[in-house]
Amino acid sequence: MTKFTSPPDREYFNRLVWGIVNQVPEGKVTTYGFIAGLIPPPPGMETSDYRAWGARWVGGAMAACPAGVPWQRVIGAQGKISLRPGSGGIRQREMLEAEGIYFDERGKINLDTYGWNGPGEEWLRAHGLIIQDDMTGVS
DNA sequence: TCCTTGACTCAGA
DNA sequence: CTCTGAGCCAAGG
């Protein structure tokens, strides 16, 4: 429940994160960094810093994630589950496998196969967001 | 008040 | 491929 460095407006940021995660379809996964990339960085913050911090803020939002949000579809940029074993990591893997997602022998998910492409421009516009060219890459 | 501890990512070794 | 350290902040013990 501990919070990491918080974004300027944590509640607003969290709502945005949850709204985005709700768009991830069953059988697909996305990463903390990718979600952060769909949200504009705070004024004056370097994109490189935001790439790392934003991801942690997304993690913080997930820790406070309300019921109904498919939190299990958010994984680390390396394609691995970020939740520590014993804190639900096993459950997360089972939930994803139940959705048809395959983990390789090293416990990783192939993002080229299961990675989500994003909510689409229309959705982003409807929520006052825009695609950031320098952060949309999944790789 | 001090110290630990985070649902992260990337660059190096 | 695996393992570290840096980046840099706030809540709880």
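Remember, predicted model here, so these are calculated numbers, not experimental data. In what follows, every chain begins at residue 1, and chains take the letters A, B, ... in the order their sequences are listed.
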Return the value, rounded to whole Å, for the distance between atom [atom1] of [X] and atom [atom2] of [N].
| X | N | atom1 | atom2 | result |
| --- | --- | --- | --- | --- |
| A/R10 | C/dA11 | CZ | C1' | 11 Å |
| A/I109 | B/dA7 | CD1 | P | 19 Å |
| A/D9 | C/dC9 | CG | P | 18 Å |
| A/R51 | B/dA11 | CZ | P | 8 Å |
| A/I81 | B/dC8 | CD1 | P | 13 Å |
| A/Y50 | C/dC9 | OH | P | 16 Å |
| A/Y32 | B/dC10 | OH | P | 14 Å |
| A/M95 | B/dA7 | CE | P | 17 Å |

So if I take every side-chain heavy atom of [X] and compare against [options], which nucleotide ends up nearest?
| X | options | result |
| --- | --- | --- |
| A/A77 | C/dC8, B/dC8, B/dT9 | B/dT9 |
| A/R106 | C/dG7, C/dC1, B/dA7 | C/dC1 |
| A/T31 | B/dT9, B/dA7, C/dG7 | B/dT9 |

Respond yes when some side-chain nitrogen or oxygen of A/Q78 is under 4.0 Å from OP1 or OP2 of B/dC10, and no when none is. yes
Is the phosphate of C/dG7, meaning OP1 or OP2, less than 4.0 Å from a side-chain N or O of A/R56? no
Check for me whether A/R56 meets the cation-pi criterion with A/Y32, that is, NZ or CZ under 6.0 Å from the six-membered ring centre and within 45 degrees of the ring axis.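 No, A/R56 does not sit over the ring of A/Y32.
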Does A/R73 pair with A/E99 as a salt bridge, N-O distance under 4.0 Å? yes
What's the gap between B/dC2 and C/dC8 when it is taken at their P atoms, as a whole Å value?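 It comes out at 22 Å once rounded to the nearest Å.
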Whole-angstrom distance between B/dA7 and C/dG13, as gauged at atom P: 15 Å
Using a 4.5 Å cut-off on heavy atoms from C-beta on, say whether the side chain of [Y] contacts that of [X].
| X | Y | value |
| --- | --- | --- |
| A/L96 | A/V29 | yes |
| A/E97 | A/Y102 | no |
| A/F13 | A/V58 | yes |

